[in-house]
Amino acid sequence: MSAPLLETRNLTKAFGQKTGWLAKPKILCASSSIDLQLNARERLGIVGESGSGKSTLGRLILGLTPPTEGEIFFEGVNHKARSLQGWKQFRVRTSLVQQNPLSALNPQMTIGEQISEGLLVHHFASRAASYERAAAMLDQVGLSSAMMSRYPHQMSGGQRQRVVIARALILDPKLVVFDEAVSALDVSVQAQVVALLRDLWQQRDLAYVFITHDLRVVRHVVDRIAVMYLGRVVETGDIKSVYEWPRHPYTRALLASVPSMDPTIRNIQPPINGELDPGKIAGGCPFRPRCPFAIERCGTEAPLLRDVAGQRVACHRAEEFPRSVQMGKEVA
Amino acid sequence: MMAQSASPTRSKRSFTSIFRLPVGILLCATWIAVILIVAIFAHWLAPFDYTQQAPLTRFAPPLKLSNHLLGTDFLGRDLLSNLLAATQTTLMVALIGGTISAIVGTSLGFLSAHFGGWVDNLVMGIADAMASVPFMIIALGVLAVFGSSPLLFVLLMGVFNWWRYARLARGLVLGANADGYAEAARIVGVPSLRIYLRHILPNIAGPLVVQFTLNFPEIVLMESGLSFLGVGIKPPAISLGLMISYGTSYFAIAWWLVALPGLVLVLTTLSISLLGDYLRDRLDARLR
Amino acid sequence: MTGFILSKAVRAFAVLFSTALFVFVVLRFSGDPAERMLGEFATPEAQAAFRTLWGLDKSIPEQFLIYLQHAIQGDFGKSFADGRDVFDIITQSIPKTLTVSVSAFIIAILLGIPAGIVAAIRRDSAIDRLVMATAVLGHSIPMFLVGLIFIFIFAVWLRVLPSSGSSTWRHAILPIATFALYNAASISRFARATLIEVLEQPYIAAARGDGIPPSEIILRHALPNAAIPLVTMLGILATSLLGGTVLVETVFAWTGIGAQFVRAVGQGDLNVVQAMILVFTVFVVMINLTVEILYAFLNPKIRSQQ
Ligand SMILES: Nc1ncnc2c1ncn2[C@@H]1O[C@H](COP(=O)(O)OP(=O)(O)O)[C@@H](O)[C@H]1O
Ligand code: SF4
Ligand SMILES: [Mg+2]
């Protein structure tokens with residue numbers, strides 16, 4: 001097998017939080033020792049509650065913020081070793097789709113100008129040719145090329161997100177990071193955009209990093225999933241097997257809290273209690289304060305990611321949890 | 001937030017709504033238009049050379065002599081001609097000074113937002129310092145040390161208010177960067193300079209223009225104050241502040257020498273600041 | 001709290017010191033003081049003697065130390081214009097300036113804040129309109145013009161007050177009135193805006209819902225919360241007051257530091273200018289220090305840090 005498209009090694013990002021005048025900044029790890037691998041044409045989902053560090057991971061991958069520690073390799077090249085020219089190339093070969101399509105689009109520029117801008121600034125095409133390609137791209141995302149001369153405020157939310165996707169794909173990237181790309185949309189529109197993402201992936205040589213807090217959506221888009229908790233990956237594996245038999249208590253809780261279509265099991269109380277407090281987790285398992293299964297060992301020894309039946313799980317008791325019939329049903 | 005105020009149909013909208021402007025604002029706009037025309041064409045409009053003296057017709061009150069519509073001053077100079085020239089100078093100084101302020105301040109604000117760190121601290125530190133010191137005193141000090149020259153004076157007016165633009169632009173750029181469209185452009189490899197000029201600037205131009213109209217009267221007042229004190233515009237040039245200053249000595253016998261330039265000055269600053277307030281209320285909630 | 005005040009005081013001193021240094025250096029590099037003082041036709045011997053006398057033959061850092069030493073003892077040299085001791089000029093004019101500006105400031109607060117409160121409570125009433133109109137006018141009329149108008153009304157037309165000079169208390173009335181009215185306009189507008197904002201806060205609505213009487217709401221809930229922005233604003237106003245002394249005192253020929261400063265600037269009397277800038281800096285620094293300390297007392301967050 002060839003080298004992965006994207007690889008992160010021991011990736012860590014710490015934010016200093018100033019709490020007061022002259023106070024020592026409190027350190028908050030938005031991402032902590034993350035090792036990920038993504039092959040070409042692979043689709044990886046990143047899930048976790050809000051504040052778990054998903055967006056930070058996405059920004060690190062795209063080089064929008066420098067890591068505190070660790071390395072990121074894209075197509076075998078370390079971010080740190082990238083020249084100015086290298087960064088330019090990287091910008092061409094990667095892209096981002098943000099959550100809020102309204103703020104992601106410039107209110108003062110037409111749709112056509114915005115989609116074609118990438119081609120123009122990289123001198124890939126003349127103005128006329130880039131407009132033509134932008135129109136073709138619009139067509140591919142299911143919009144009429146009559147939209148070219150519109151402004152963002154003249155479109156619906158779903159149309160805007162299609163525009164954002166078109167702009168992200170115009171340079172024919174190899175990797176696109178979607179950060180809550182459909183979370184702001186209505187459920188019916190969500191389904192359409194998800195279908196579009198699947199189609200586009202079929203047609204192109206493209207890998208996805210699909211960031212979301214919404215477990216219902218992610219399984220329709222990705223091949224593999226990484227569950228994040230307080231900046232750490234606590235479980236990762238094949239999407240199907242993780243959904244069928246989640247091994248980490250946090251993953252299990254997340255899946256159990258997904259509202260079910262079946263009214264008889266809709267009201268299961270999510271076992272996640274307690275607040276997200278990154279301050280409390282010094283030593284031991286970060287999930288411990290909220291974990292109903294915590295044992296003594298969990299307080300003293302931090303669990304590392306290890307192989308458990310084809311998945312990788314960071315829990316001392318990973319083997320002990322049964323395949324949950326309820327959860328399996330719920331999300332099936 | 002930005003999208004509403006910055007829509008492309010805005011020009012259309014404001015065109016149709018010209019007829020729905022409040023009367024007061026229309027009056028202000030009319031006065032500003034008149035004063036601008038005066039400022040541009042002062043030379044051709046003036047019935048006399050404004051420096052031309054006529055010892056025999058000194059202190060003629062307004063409407064007394066048919067050839068001196070607004071009367072004459074203590075040297076028999078035509079007041080209307082002086083007023084036209086003074087308005088021109090005052091507006092020119094304020095316009096140039098205001099533009100320098102806007103350009104310097106906005107650029108520094110952009111730099112501050114772009115680089116952050118010590119650049120940000122330095123620029124904002126100087127801005128804070130400028131904001132907390134009465135500029136009148138600084139200006140007087142500088143003019144005392146370097147002597148008063150037109151160039152220095154205009155430059156002084158140019159640094160008077162830059163920090164307002166710097167603070168505003170910095171905040172707006174940070175906001176725009178957080179807004180996503182700037183990052184979206186960055187992500188497809190659009191160079192920073194193009195992002196600032198092509199993407200961010202058009203989106204934050206509204207508040208900057210409003211800031212300009214709000215600052216303009218301040219510069220006019222500062223200019224007239226310094227000229228009134230005799231360290232600003234110097235003869236043979238003339239400004240509204242300087243005219244008032246001349247008139248002060250003959251106040252008891254020739255009130256019009258103070259009243260007329262004073263009236264032009266106040267109407268101008270008043271119109272512009274009312275217009276600025278109106279624009280701010282209409283276009284932009286962030287400046288309030 | 002003492003630590004807080006101490007650190008602010010240290011910073012204030014640093015500002016003062018650097019201003020002194022800056023002004024000194026600028027003045028030294030902008031021309032030869034010996035030539036300035038004696039005129040360009042003085043003999044080289046006279047110039048050399050002058051330089052030795054004032055230590056101008058020493059290095060700039062040494063000169064600065066000498067200057068500081070003298071300044072601390074109250075020796076700022078003599079006025080180029082009339083040979084008076086600069087220190088005397090300053091000590092004679094500061095009380096004059098304080099008389100006018102402090103009383104004007106107090107009157108402005110006593111006028112402006114109640115007017116602003118009433119305007120905020122009775123939106124769109126006559127008082128509200130008056131407050132807004134004066135405030136807008138205040139932003140558009142140069143202060144010296146207000147002064148001239150007052151002179152015209154009370155000295156030229158009604159002949160009840162002297163127009164200019166600074167010998168009696170009657171001379172102080174017009175400058176104080178001009179100054180006070182001018183600043184009351186901006187205080188009332190700001191007080192109005194701040195109070196309106198506070199009154200729109202949810203906790204005020206909650207207090208209203210609890211049936212607390214309106215006067216109690218204003219006094220106990222709204223005003224304490226409006227106090228912090230108001231103090232900040234009054235601080236800014238106090239420094240701008242300093243700038244205003246220059247105009248008001250000149251208009252009324254009131255011989256405070258403002259008018260003296262203008263005279264010195266006009267005559268190129270650099271010894272006086274230099275000393276006056278320091279005096280102004282001391283005032284600015286003291287005002288800012290006061291504001292910061294007041295602010296700390298008013299803000300429970302800072303206050304509670306012991
Ligand atoms: N620029 C920043 N400065 C300080 N803290 C930040 C910054 N960006 C993110 N964080 C913190 O990092 C944590 C993770 O944030 P984020 O990556 O946005 O999470 P998610 O996308 O999963 O909601 C949060 O606690 C957030 O407060
Ligand atoms: S290691 Fe312990 S505390 Fe952490 S998730 Fe597993 S059981 Fe819970
Ligand atoms: Mg996020």
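All heavy atoms count here, side chains included; hydrogens, waters and symmetry mates do not. Note that this is a predicted model, so its numbers are computed, not measured. Residue numbering restarts at 1 for every chain, and letters A, B, ... go by the order of the sequence lines.
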- Note on the structure: Okay, A:R93 and chain B: the region with an atom under 4.5 Å from a heavy atom over there is neither
- Does any heavy atom of chain B fall under 4.5 Å from the side chain of A:L64, the backbone, both, or neither of them? side chain
- Test: B:D120 and B:R170 ion pair at under 4.0 Å: yes
- Item | chain B contact via A:T94 - which portion, at a heavy-atom distance below 4.5 Å | backbone
- Message: Applying side-chain hydrogen bond (donor to acceptor under 3.5 Å, both in side chains) to A:S183 and A:D214, what does each step give before you reach the verdict?
- Response: CA-CA 7 Å; A:S183 307; A:D214 188 340; 5.8 Å; no
- Quick one: which of A:Q89, A:M109, A:E113 has the most heavy-atom pairs under 4.5 Å with chain B, could you say? A:M109
- Item | Under 4.5 Å from any heavy atom of chain B - which part of A:L96 | both
- Task: Anything under 30° is parallel, anything over 60° is perpendicular, the rest tilted; go ahead and classify A:Y208 against A:F178.
- Result: perpendicular
- Query: Where is the tightest heavy-atom contact between A:Y131 and A:S116, given as atom of each residue plus distance?
  - Reply: CE1-OG, 3.7 Å
- Query: Does a side-chain N-to-carboxylate-O contact under 4.0 Å join A:E75 and A:K174?
  - Reply: no
- Message: Counting only non-hydrogen atoms closer than 4.5 Å, does B:R198 touch chain A with its backbone (N, CA, C, O), its side chain (CB onward), both, or neither?
- Response: both
- Does a side-chain N-to-carboxylate-O contact under 4.0 Å join A:D179 and A:K54? no
- Query: Based on non-hydrogen pairs under 4.5 Å, which of A:Q98, A:E117, A:K88 is most in contact with chain B?
  - Reply: A:E117
